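One structure below.
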Amino acid sequence: MAGFKVISVPSNDKGGVDVEAVRAAADETVAGLMLTNPNTLGLFDENIAEITDIIHKCGGLNYYDGANLNAVMGIVRPGDIGFDCIHINLHKTFSAPHGGGGPGAGPVGCKSFLSDCLPGKNVKKTEKGFALSESEKSIGSVRSFYGNFLVVVRALTYILTLGREGIPEASRGAVLNANYMMASLKDIYDMAYDRTCMHEFVMSIESLKKKTGVSAMDIAKALLDYGIHPPTMYFPLIVHEALMVEPTETESKETLDEAVNAFREIYNTALENPEKLHNAPEKTSIGRPDELSAARKPVLKYSFTRR
């Protein structure tokens, strides 16, 4: 952290950043602000330009966490709303593998005045063609050259295939799908923030749990019996019993309706037979593994027995 420490800025009642809290924290000791926009609640911060301006005026830089770029790619340019540096989560935006399908990669971009500070080597055009050079202000390579090269090539291929018209169309599809699902479920499920979302929305199962004992974990496990991969659970942390639903742009209306129906049937089951959900999933090859022991006593290697 180069001698710096991280401080957290709270959210406001609309799910965005508390502007006054940013203003209070912004002094000559601030190096920069890291922010996701849209945020993890799936909300685009309406005060984003004011927030980044506050940081610039105290001499800091704004770093864009590109985790939710899928909602705005080709529509909103991070640089135009005050960000100086950005990383892109290729697995969330440009079709790169994620998790068990890895490896992953995340390109980092910046405005021109920061280009000499980028790690690693840059490609420069010369009279003889192209050559690699390293700026005196660079700290050198932080990993293996340009990382997982093939993952980046895959993402580039996806971008070139979509083209200038296809990229923003994908974002519009992701936003439409998320809002369609949210509108189809908010009559029975509590939305963390009942307002137009971007590419994802967050439901709170807290009131349902108090009424029936059914948790967000129970609902996630029950979705497996419907052949549906569960949404992100218990995140973001500011929402109790959270389920974060991110349908992406690739799902058809038929698939979305299937997911909506599953959520609605599970809700009814929670009211009528909550014990059934405590035992879910029932149709998968295994039920509920002992995740607590796996986390606290991980087995990180496997010994094969010779015969």
Side-chain angles (χ1 to χ4, degrees), residues 11 13-15 38-43 67-68 71 92 98-100 174-296:
S11 302
D13 57 2
K14 292 185 177 180
N39 61 25
T40 311
L41 294 167
L43 304 175
N68 297 331
K92 294 192 73 178
H98 184 30
V175 172
L176 178 62
N177 283 354
N179 279 279
Y180 175 77
M181 278 197 71
M182 183 176 71
S184 301
L185 291 171
K186 67 180 183 179
D187 61 319
I188 55 175
Y189 284 97
D190 294 333
M191 300 298 151
Y193 292 88
D194 188 8
R195 48 178 281 205
T196 302
C197 66
M198 298 303 287
H199 67 310
E200 63 190 16
F201 62 95
V202 179
M203 302 189 297
S204 173
I205 312 302
E206 185 176 24
S207 64
L208 183 64
K209 184 178 181 181
K210 289 179 180 178
K211 184 189 305 182
T212 66
V214 171
S215 66
M217 174 72 78
D218 292 331
I219 292 176
K221 294 295 186 182
L223 283 169
L224 294 171
D225 283 334
Y226 288 84
I228 297 175
H229 193 292
T232 300
M233 299 178 294
Y234 301 118
F235 191 76
L237 301 178
I238 62 173
V239 178
H240 295 159
E241 292 295 323
L243 287 176
M244 184 175 72
V245 183
E246 184 178 0
T248 77
E249 72 279 4
T250 57
E251 307 297 352
S252 65
K253 182 177 181 299
E254 291 74 18
T255 303
L256 296 176
D257 287 337
E258 181 181 342
V260 167
N261 290 335
F263 271 109
R264 297 186 75 86
E265 287 184 18
I266 291 170
Y267 182 88
N268 291 331
T269 303
L271 299 178
E272 299 166 2
N273 186 8
E275 191 61 32
K276 180 179 177 64
L277 298 183
H278 295 327
N279 296 320
E282 299 175 337
K283 301 176 183 178
T284 54
S285 56
I286 63 170
R288 298 197 186 192
D290 186 352
E291 297 173 1
L292 184 61
S293 295
R296 293 187 175 180

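Owing to the predicted nature of the structure, the values given are computational and were not obtained by experimental measurement. Residue numbers run from 1 in the order of the sequence given.
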Just by modelled atom types, is the [Y] backbone N or O under 3.5 Å from a matching donor or acceptor in the [X] side chain?
| X | Y | answer |
| --- | --- | --- |
| Asn177 | Glu251 | yes |
| Tyr189 | Leu208 | no |
| Arg264 | Ile188 | no |
| Ser204 | His240 | yes |
| Asn273 | Thr269 | no |
| Glu241 | Ser215 | no |

Quick check for you: to the nearest 0.5 Å, what is the distance between [X] atom [atom1] and [Y] atom [atom2]?
| X | Y | atom1 | atom2 | answer |
| --- | --- | --- | --- | --- |
| Asp190 | Leu185 | CG | CG | 11.5 Å |
| Met233 | Ile219 | CE | CD1 | 11.5 Å |
| Ser184 | Leu256 | OG | CG | 8.5 Å |
| Lys14 | Leu41 | NZ | CG | 14.5 Å |
| Leu243 | Phe263 | CG | CZ | 6.0 Å |
| Leu176 | His199 | CG | NE2 | 14.5 Å |

State, to 0.1 Å, how close Val175 and Asn179 come at their nearest heavy-atom pair, and which atoms those are. O-ND2, 2.9 Å
Nearest atoms (heavy-atom pairs only) where Ala220 meets Pro230: O-CG, 3.3 Å
Identified side-chain contact (heavy atoms from CB on, under 4.5 Å) partner of Met203 from the options Met182, Lys186, Met191, Met181: Met191
Test side chain to side chain contact (heavy atoms under 4.5 Å, CB included) applied to Thr40 and Met244, step by step: CA-CA 8 Å; Thr40 311; Met244 184 175 72; 3.7 Å; yes
Within-4.5 Å side-chain heavy-atom neighbours: [X] and [Y]:
| X | Y | value |
| --- | --- | --- |
| Leu223 | Pro231 | yes |
| Tyr234 | Ile205 | no |
| Arg288 | Pro281 | yes |
| Tyr180 | Lys253 | yes |

Going through the checks in order, is the salt bridge (Lys or Arg N to Asp or Glu O under 4.0 Å) test met by Asp290 and Arg296? CA-CA 10 Å; Asp290 186 352; Arg296 293 187 175 180; over 6 Å; no
Applying salt bridge (charged side-chain N to carboxylate O under 4.0 Å, His left out) as the test, list every pair that has at least one member in residues 267-287; sequence neighbours left out. Lys276-Glu282
Check against side chain to side chain contact (heavy atoms under 4.5 Å, CB included), Met198 and Asn39: CA-CA 9 Å; Met198 298 303 287; Asn39 61 25; over 6 Å; no
For a side chain to side chain contact (heavy atoms under 4.5 Å, CB included) check, start with the C-alpha distance between Phe235 and Val202, then their side-chain angles and the critical distance, and finish with the verdict. CA-CA 8 Å; Phe235 191 76; Val202 179; over 6 Å; no
Can you tell me if Lys209 has over 12 outside heavy atoms packed within less than 6.0 Å of its NZ? no
